[in-house]
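Lettering of chains follows the sequences in order, A, B, ..., and the numbering in each one begins at 1.
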Amino acid sequence: MLIYIQTVDAPEAQSLFERIYLDYRDRMMAVAYGLLQDRFDAEDAVHQAFVYIAENLDKFTESRSDQVKSYIMKLVECRAIDILRSRQRKTAELEETRLGQAQQYPGLSELAGCMAQLPERYRNGLILRHAYGYSFAQIGTIMNITEAAARKLTARAREKLEEICRKEGIL
Amino acid sequence: MITDEQLKAAALELDSALMENLPEPGEQEFSPRFERKMKRLLRKGRPSAWVNHCLRAAAVLLTVLLVGGIVLISSPETLAEFRGLFYEVDQEHKYRYVLEGWVEEEDMCAYRMSWIPEGYELRHSSHRYAHGTQVYGDGEKHVLGFNYVIQTGKGGSRIYRSFSAVNYELKDTIVNGQGADLFVITQKSGAVTYTVIWMNAERSVLFEVNGARSEAEAVRIAESIERTDPEQ
């Protein structure tokens with residue numbers, strides 16, 4: 001019991017939310033800034049992502065796993081894209097640009113390489129759905145869209161991926 | 001056609017590559033506006049000082065209960081004192097004794113007093129399966145009684161002993177190392193008698209000796225209780 005009294009104030013008692021904040025805020029800022037190229041917009045995206053995390057903290061049991069990291073990074077990416085869209089800035093360009101400029105990751109399989117060419121939102125939808133098995137409702141909340149829209153988005157992403165695969169001669 | 005398995009493998013592979021190639025975080029500088037907003041958000045996620053105080057208070061209480069429990073278990077005298085605190089259940093001075101153990105059918109027996117003060121003669125003796133009584137008298141209206149109740153099944157029993165009609169004082173005593181309640185009773189006539197109530201170590205039998213003329217006599221009779229054949 002006396003040990004317990006001490007742990008109430010010990011660093012381990014630091015809340016999960018604080019741990020997530022300290023572990024990821026810099027990386028989230030870098031991701032958001034990479035997309036938005038504006039420091040204040042990037043801060044807004046990071047803040048919005050943390051608001052979502054704070055409201056859904058019961059979904060997190062730890063802070064440092066690959067799945068949590070991936071989840072949080074996609075969350076901030078989605079918030080950053082939302083900001084771009086809501087401010088009517090370069091939205092179409094963004095989608096086109098990302099589709100046109102395939103991101104190269106050496107060593108990827110052909111299929112993963114084709115997936116890397118998808119627009120960010122399509123790519124994230126497929127990863128959340130197929131790599132981590134999130135439901136459409138969960139994907140919807142991460143991406144700030146309805147469940148039906150999330151379902152449609154992942155279906156379109158799959159179609160788009162098949163289209164790219166056909167172009168690349170994989171299918 | 002891409003299968004779900006292929007899609008899963010590719011999605012995991014790509015995600016791993018994406019995570020490895022995230023922009024380097026470096027030392028990010030956040031604006032004071034952002035820091036303020038995050039500070040507010042962090043305060044919401046953190047247990048309040050009030051919650052911490054409650055946790056500390058609960059921990060202290062649990063420590064006290066734990067230490068108190070150890071003291072009670074290791075000291076029959078303290079346990080007897082502690083038990084006395086909880087027996088009085090209502091205004092009628094009713095005392096509750098809880099039999100938590102039980103006696104198996106093959107171990108059933110009767111009990112009797114093996115030491116009686118001089119001058120007493122047996123007036124009545126009975127044993128009915130799980131309870132029994134012995135009454136001795138000294139020829140001068142002085143009666144010495146002994147009762148017992150045996151718990152025969154699992155599930156426990158509560159036995160109430162009421163002292164509503166007399167003036168009495170409750171003390172603690174020890175019978176064969178077990179904590180016991182000693183009731184010093186002042187009768188309407190002004191005579192003082194001593195009643196001892198206690199349980200065996202297994203808490204499966206409740207005993208009562210009443211009518212003793214002193215505490216020492218009551219305890220001596222109580223300590224003389226022995227098992228006997230129910231048929232005798």
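For D107(B), the CG atom is densely surrounded, since the number of other residues' heavy atoms within 6.0 Å is greater than 12. The environment of R156(A) atom CZ is sparse: at most 12 non-hydrogen atoms of other residues, nucleotides or ligands sit within 6.0 angstrom.
Heavy atoms of E20(B) lying under 4.5 Å from chain A are absent altogether. For a residue to count as touching a neighbouring chain, one of its non-hydrogen atoms must lie under 4.5 Å from one of that chain's; by this rule M73(A) touches chain B with the side chain only. Interface remark: R39(A) contributes side-chain atoms only to the contact with chain B (heavy atom separation under 4.5 Å). Only the side chain of E35(B) has a heavy atom closer than 4.5 Å to any heavy atom of chain A. Using a 4.5 Å cut-off between heavy atoms, Y24(A) makes no contact with chain B at all. Only the side chain of C165(A) comes within contact range of chain B, with heavy atoms under 4.5 Å apart. With a 4.5 angstrom heavy-atom cutoff, Y21(A) touches chain B only via side-chain atoms.
The closest donor-acceptor contact from the side chain of Q6(B) to the backbone of L111(A) lies at 3.5 Å or more, if one exists at all. With E43(A) contributing its side chain and S31(B) its backbone, the two residues share a donor-acceptor pair below 3.5 Å.
M38(B) places none of its side-chain heavy atoms less than 4.5 Å from the side chain of R25(A). Between L7(B) and M115(A), some side-chain heavy-atom pair lies under the 4.5 Å cut-off. Considering only heavy atoms from C-beta on, D44(A) comes within 4.5 Å of R33(B) through its side chain.
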I'd like to know whether R123(A) forms a salt bridge (charged side-chain N to carboxylate O under 4.0 Å, His left out) with D15(B), so could you lay out the CA-CA distance, the side-chain angles of the two residues, the decisive distance to 0.1 Å, and finally the verdict. CA-CA 9 Å; R123(A) 211 173 56 195; D15(B) 190 50; over 6 Å; no
Run the numbers on R129(A) and D4(B) for salt bridge (charged side-chain N to carboxylate O under 4.0 Å, His left out), then give the verdict. CA-CA 10 Å; R129(A) 178 71 184 155; D4(B) 283 349; over 6 Å; no
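With rounding to the nearest 0.5 angstrom, the CG atom of L126(A) is 14.0 Å from the NZ atom of K8(B). Considering CZ of R27(A) and CG of L22(B), their distance stands at 5.0 Å, rounded to 0.5 Å. Atom CG in L108(A) sits 5.0 Å away from atom CD in E13(B) (nearest 0.5 Å). Here the NE2 atom belonging to H130(A) is positioned 11.0 Å from the CD atom belonging to E5(B), to the nearest 0.5 angstrom. Note that CG of L18(B) is 6.0 Å distant from NZ of K74(A), once rounded to the nearest 0.5 Å. Going from atom CZ of F50(A) over to atom CZ of F34(B) covers 6.5 Å, rounded to the nearest 0.5 Å.
Here the closest heavy-atom approach between residue R158(A) and residue I2(B) is recorded as NH2-O, 2.8 Å.
Heavy-atom pairs under 4.5 Å with chain B were tallied for M28(A), M29(A), E110(A); the largest tally goes to M29(A). Comparing A10(B), A9(B), A17(B) by heavy-atom pairs within less than 4.5 Å of chain A, the highest count is held by A10(B). Among C114(A), A131(A), G133(A), A54(A), the residue with the largest count of heavy-atom pairs under 4.5 Å with chain B is A131(A).
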